[in-house]
Amino acid sequence: MELINGLNDRQREAVLYGEGPLLILAGAGSGKTRVLTHRIAYLIKERGVFPGNILAITFTNKAANEMKERIDHLLDGNIDELWMGTFHSACVRILRRNIDRIGYDRAFSIYDRDDQITLVKECIKDLNLNKDMFKERSILSVIGSLKDRMVDPDTYINEHYNEYYYRNVGEVYALYEKKLKANNALDFDDLILKTIELFNKDGDVLDYYQRKFKYVFVDEFQDTNKSQYELVRLITGRYKNICVVGDPDQSIYKFRGADISNILNFEKDFEDATTILLEQNYRSTKNILEVANQVIKNNYGRKEKDLWTDNEKGDRVVVESLLDEREEANFVANKIEQLLVEGYKPKDFAILYRTNAQSRTFEEVFMRRQIPYKIVGGLRFYDRKEIKDIVAYLNLIQNPADDLSLKRIVNVPKRGIGNATLEKVEAYANQKGESIYKALLELDEIPNLSTRAKNNLKSFLDMINSFMAMSEVMGLREFLEEVINKTGYVKELEQEDSIESQTRLDNIREFLSVAVDFEVNNPNGTLEDFLANISLLSDVDKTEDVDNAVTLLTVHSAKGLEFPVVFIVGMEEGLFPISRALDDEEELEEERRLCYVAITRAERLLFITHAKLRTIYGNINYTLPSRFLDEMPKEYIKSSEDEKKESFNNKGLIQVIDYTSERESSKALRVNNQDLDIGDKVNHKKWGVGTIVQIKERDGDKELVIAFDKVGLKRLLLSIAPIEILKGE
DNA sequence: CCCATTCTGGTTTTT
DNA sequence: CCAGAATGGG
């Protein structure tokens, strides 16, 4: 049978496995996608399973599309009925059909993180809490983790009744939930939780889906949280044909509630579960894999597993030490240019970093050197102001209860409806217990409004009403154009006529083409579907499909991807592992798993870099190489610093800086500063002896960065600093 | 009500 | 350093 050709014994066993719970522990690069696609194809083709009886959960929509395509290739039959997508998109699909059974309108809005923050902010204000003490971000992270663990507000408040802070966090949580409901909105967590609630409260609906989904698959199972696990348990309650695939060593979403114990407990929770281990790696060279294995070994209490490969040994992993982030980016660019000459293509390269902020230097350098690149995440298209504004219009039109969206755009573009006016309307709505939109329908009843305000509100209302009517009859693109024109949004930007407004117009045009794409791919798609679709896209999904470009992305976003050549940058203590993890053993282990994920993305070549100086918040920091570098076995590593060191007479910091000082800025400084140079020692009145590590021109003065022996790095101006230069080598 | 300016404080990772 | 919030003048 062609479906098992070329598979190894373990893989074949997984593909051909019969009924009942199955746990596939799949190491990095062990061909789990292959196993999943082949198993699904096998069920359909050889076992006669109807595609509509299969639900497959993937981590991103992109992964879902790719898998679906691969299955399509393996079969001749039609697989349109196969449900494949993320937890969130599957839940939206279920809720759009049936959420009315638990008291929501089926036109509910989906709130993203920014919406959540706005809502929490409102709650803090409404409850008269001190906003310095109650920070919306930290409250939101508590709420998030409570939702992940399915703890409701009342339970939490009772548990913390005697703690002022946490009790009030609970109160915010309660009000937040109330507001979501009033706006007929769900946040990301709710998509899962409300589906569970629906299943628990309505036996018919549960029964329907239990019968429908005879076979359920969950990929990246190590990163599911408690509620997702519960959802899987409910859906598979009838047939128990649940196949999960995961790797505990690649669990990197603990901060989002991911619970490794889901994978560890699987065999307990599902009786007679079979476990299959995939340990042969097909992705990386021996050198790369060995480095990964040695690093992850340092995690305590993990289930020992040794990934092996038949692939060639390959080049040693290169570890490179650079002066600062600029040199780091230039080193990477140099390597890429060099490898491009050797026949690699831009799309073969990925730059992996721990935090999004690190992408900037690479962007600058790549732009200057004309290396084609694309960035995953970071400044996101859908997070741009103009896109969020348009989406808010659409949300309101689709779900008039959505006060949050209404408030966002009621005065964008300016229509003379300011805060004071809106507050009066809102007060009226609150008192009547209805939405702002509804209140506007009773405009004449609202007290204390000036005629002017009333007129402005009236024309706003008329506009929204006409949009609502149009949305019923128009195609998506046509409708969208109507909205951006009739609102005056485009007009305002055109009048502004700045570079910035031009970019915004471009973005709006881009958004229109997204809508056209959606229309083509989903001929029956509604406005609701379109909105749900764009709000559930992951960063990876959203990244533009540039033909041939270097990929810049966080290690988190790189999960599940692979590249011929990988650069892991910023391998420094405090950055990777991140500072917050340094004194917490559990978080440190998660960082180490993250490092493991990063290393195992590489197929042929792996470069790891760290800088000695890194600018954070505009401050220059001294950094040390990451502890993970020490965990990598020397025999698989080559460090060009080792080679260079021999030709320099290295006496510490001064010499280290000397040999990298070919960079342009230092060269220039050498000419201009006969008296002062990087590496010179100085004596400061208060801070004592230090070494100059950087000199910058600043308004005719010189700004010095000095590494003091006692107090570390300081930045000061030459003209006013109480220092003397210590001469004489 | 609108705009410009000052200030604050914030970076982990994201469906 | 930078973006968004808060503040105050027009």
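In this text, all values refer to a predicted model and were calculated from it rather than measured experimentally. Each chain gets a letter, A, B and so on, in the order the sequences are listed, and its residues count up from 1.
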(request) Please report, rounded to the nearest Å, how far the P atom of dT15(B) is from the CG atom of L186(A). (result) 18 Å
(message) Side chain of T86(A) only, heavy atoms from C-beta on: which candidate in dT14(B), dA5(C), dT15(B) is closest?
(response) dT15(B)
(message) Without decimals, in angstroms, what is the distance between E136(A) CD and dT8(B) P?
(response) 17 Å
(message) Would you say the base of dT13(B) stacks on F255(A) (centre-to-centre below 5.5 Å, plane angle below 30°)?
(response) yes
(message) Could you check whether Y353(A) and H556(A) have their ring centres less than 6.0 Å apart?
(response) no
(message) So F87(A), base contact, sugar-phosphate only, or nothing? Heavy-atom distance under 4.0 Å.
(response) nothing
(request) Tell me whether the OP1 or OP2 atom of dT13(B) has a side-chain N or O from S557(A) closer than 4.0 Å. (result) no
(request) Considering just the side-chain nitrogens and oxygens of N356(A), establish if one lies under 4.0 Å of OP1 or OP2 belonging to dT14(B). (result) yes
(message) Under 4.0 Å from OP1 or OP2 of dC1(B): is there any side-chain N or O of R452(A) that close?
(response) no
(request) Not counting sequence neighbours, list each pair that qualifies as a side chain to side chain donor-acceptor pair (under 3.5 Å) and has a residue in residues 578-589 of chain A. (result) K254(A)-E586(A)
(request) Calculate the interatomic distance between Y596(A) atom OH and dT13(B) atom P; express it in whole Å. (result) 24 Å
(request) Can you measure from CE (M571(A)) to CG (L629(A)) and round to the nearest 0.5 angstrom? (result) 6.0 Å
(request) Look up atom NZ in K385(A) and atom CG in N507(A), then write down how far apart they are to the nearest 0.5 Å. (result) 12.0 Å
(request) Identify which nucleotide among dT15(B), dT13(B), dC2(B) has an atom closest to any side-chain atom of N411(A), counting heavy atoms from C-beta outward. (result) dC2(B)
(request) Have a look at E587(A) and say if it touches a base, only the backbone sugar-phosphate, or nothing, with a 4.0 Å heavy-atom cut-off. (result) base
(request) From the options dC1(C), dT13(B), dT15(B), select the nucleotide whose nearest atom is closest to the side chain of H556(A). (result) dT13(B)
(request) Would you kindly give the CG-to-P distance between D189(A) and dT14(B), to the nearest whole Å? (result) 16 Å
(request) Kindly say if K135(A) contacts the phosphate of dG9(B), meaning a side-chain N or O under 4.0 Å from OP1 or OP2. (result) no
(request) Pick the P atom in dT13(B) and in dG4(C), then give their distance to the nearest Å. (result) 15 Å
(message) Tell me if a side-chain donor or acceptor on D112(A) pairs with a main-chain N or O of D115(A) at a distance below 3.5 Å.
(response) yes
(message) Rounded to whole Å, please give me the gap between NZ in K125(A) and C1' in dA6(C).
(response) 13 Å
(request) Check the distance between dC1(B)'s P and L422(A)'s CG and give it to me in whole angstrom. (result) 10 Å
(request) Choose from dT14(B), dT15(B), dC1(B) the nucleotide whose nearest atom is closest to any side-chain atom of A420(A). (result) dC1(B)
(message) Measuring from the side chain of K414(A) (C-beta onward, heavy atoms only), which nucleotide among dC2(B), dT15(B), dT13(B) has the closest atom?
(response) dC2(B)
(request) Remember a base hit wins even if backbone is also touched, and classify K121(A) as base, sugar-phosphate or nothing at under 4.0 Å, heavy atoms. (result) sugar-phosphate
(request) Calculate the interatomic distance between N225(A) atom CG and dT13(B) atom P; express it in whole Å. (result) 20 Å
(request) Respond yes when some side-chain nitrogen or oxygen of T615(A) is under 4.0 Å from OP1 or OP2 of dC1(C), and no when none is. (result) no
(request) Could you check R360(A), R368(A), M367(A) and say which one makes a side-chain contact (heavy atoms from CB on, under 4.5 Å) with E364(A)? (result) R360(A)
(request) Measure the distance from CD1 on I252(A) to P on dT13(B) and round it to the nearest whole Å. (result) 13 Å
(request) Report the residue (I417(A) or L536(A)) whose heavy-atom-nearest nucleotide on DNA chain B is the more 5′ of the two. (result) I417(A)
